[in-house]
Amino acid sequence: MNEYIDLFTKTYTNYANYLWKTIKNPFPEGDFNFFYFVIVISLVVWGLELLAPWRKEQKAFRKDFWLDAFYMFFNFFIFNLLLYVALSSVTVEFLNNLLAPLGYEGGHLIDLSNLHWGVQLFLFFIIADFVQWCVHVMLHHVPFLWKIHKVHHSVKEMGFAAHMRYHFGETLVYNSFKYISLSMLFGFQLELAFIVYASAVAIGHLNHANLGWDYGPLKYVFNNPKMHIWHHAKELPESHPYGMNYGISLSIWDYIFKTNYIPYDGRDIELGFDNDEVYPKGFFQQLVAPFRKEK
Ligand SMILES: [Zn+2]
Ligand SMILES: [Zn+2]
């Protein structure tokens, strides 16, 4: 037990130091500044929304803008700082110890870290995205996970920051599966994770933005605002009673597994879920909502 507590405190202090260093030094040599990246990409996508809005009457500070801005701050920085980094290194250690009797010695089953970095990046991106697509489908089909995921679907008006409205429980689910698939099964150069994550953040911001974009023929490969808005539709079609358009960065999985659905231009459709009128509106109420009995 002491081993875990030690690890917890060590990782926690390391992350706090790392974050503080990042904030003080916007351009670290040979490193990627994630803190400022999130701020810059948010301002860029927000700027695009204001220049070429899809729903012209939508306000710059749309409904729940500040709630979502707080979620962004919380999910990226506070949750990482308080809990996630510390917990995940403990989980990794725990998983490794658990699997040791089965002959697992840490490391990965298939080592890809010797391949050309471009090939690695390509594979890393595709595998990570597919794993996330599967987890997202699960979030919609498993009742308890759906309760956690409902926070994200409580968005009533779309804008880039809606991307970051999600319960921290989702981070734990996504990252456990990503750890198992990307670190235990396949070994990649660790530095690539930042590039993959950063591009996913940029694409995710765009998917939720008030932009009428679908990238032309590339819409069959990349998820886009015109497709993702249907993922948030309040009314679900009989053909897809649990949901549709589960894509994270790529839309290709939905076309392969026939979970794609764009019946017409979804610019003005109603967003949310059944009975969302009585769903809690504040951050802390939403945090505990999955653990409470639903009315
Ligand atoms: Zn969803
Ligand atoms: Zn979404």
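Just follow the structure's listing: the first ligand is 1, and inside any ligand the first atom is 1. Below, each value reflects all heavy atoms present in this structure, side chains not excepted, and no hydrogens, waters or symmetry copies. In what follows, residues are counted from 1 in the order of the sequence shown.
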- Task: Quickly, which of Arg165, His232, His167, His231 forms a side chain to side chain donor-acceptor pair (under 3.5 Å) with His152? Name it, please.
- Result: His232

- Query: Of all residues at least two apart in sequence or in a different chain, which pass the side-chain contact (heavy atoms from CB on, under 4.5 Å) check with Asp6?
  - Reply: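 Testing Asp6 for side-chain contact (heavy atoms from CB on, under 4.5 Å), a comparison that skips the adjacent residues, returns none.
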
- Can you sort out the partners of Val40 under side-chain contact (heavy atoms from CB on, under 4.5 Å), two or more places apart, ordered by chain and number? Val44

- Message: Restricting to under 2.8 Å, identify the protein N, O or S atoms around the Zn ion (ligand 2) as residue plus atom.
- Response: His152 NE2, His208 NE2, His228 NE2, His232 NE2

- Query: What's the verdict on side-chain contact (heavy atoms from CB on, under 4.5 Å) for Glu170 and His149, showing C-alpha distance, side-chain angles and the deciding distance?
  - Reply: CA-CA 7 Å; Glu170 276 196 29; His149 188 49; 2.6 Å; yes

- With Tyr71 via ring pair (Phe, Tyr, Trp, His ring centres under 6.0 Å) - residues at least two apart: Phe283

- Any side-chain heavy-atom pair from Trp46 and Phe65 closer than 4.5 angstrom? yes

- Item | Atom nearest to the Zn ion (ligand 1) - His140, N, O or S atoms considered |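 The closest N, O or S atom of His140 to the Zn ion (ligand 1) is NE2.
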
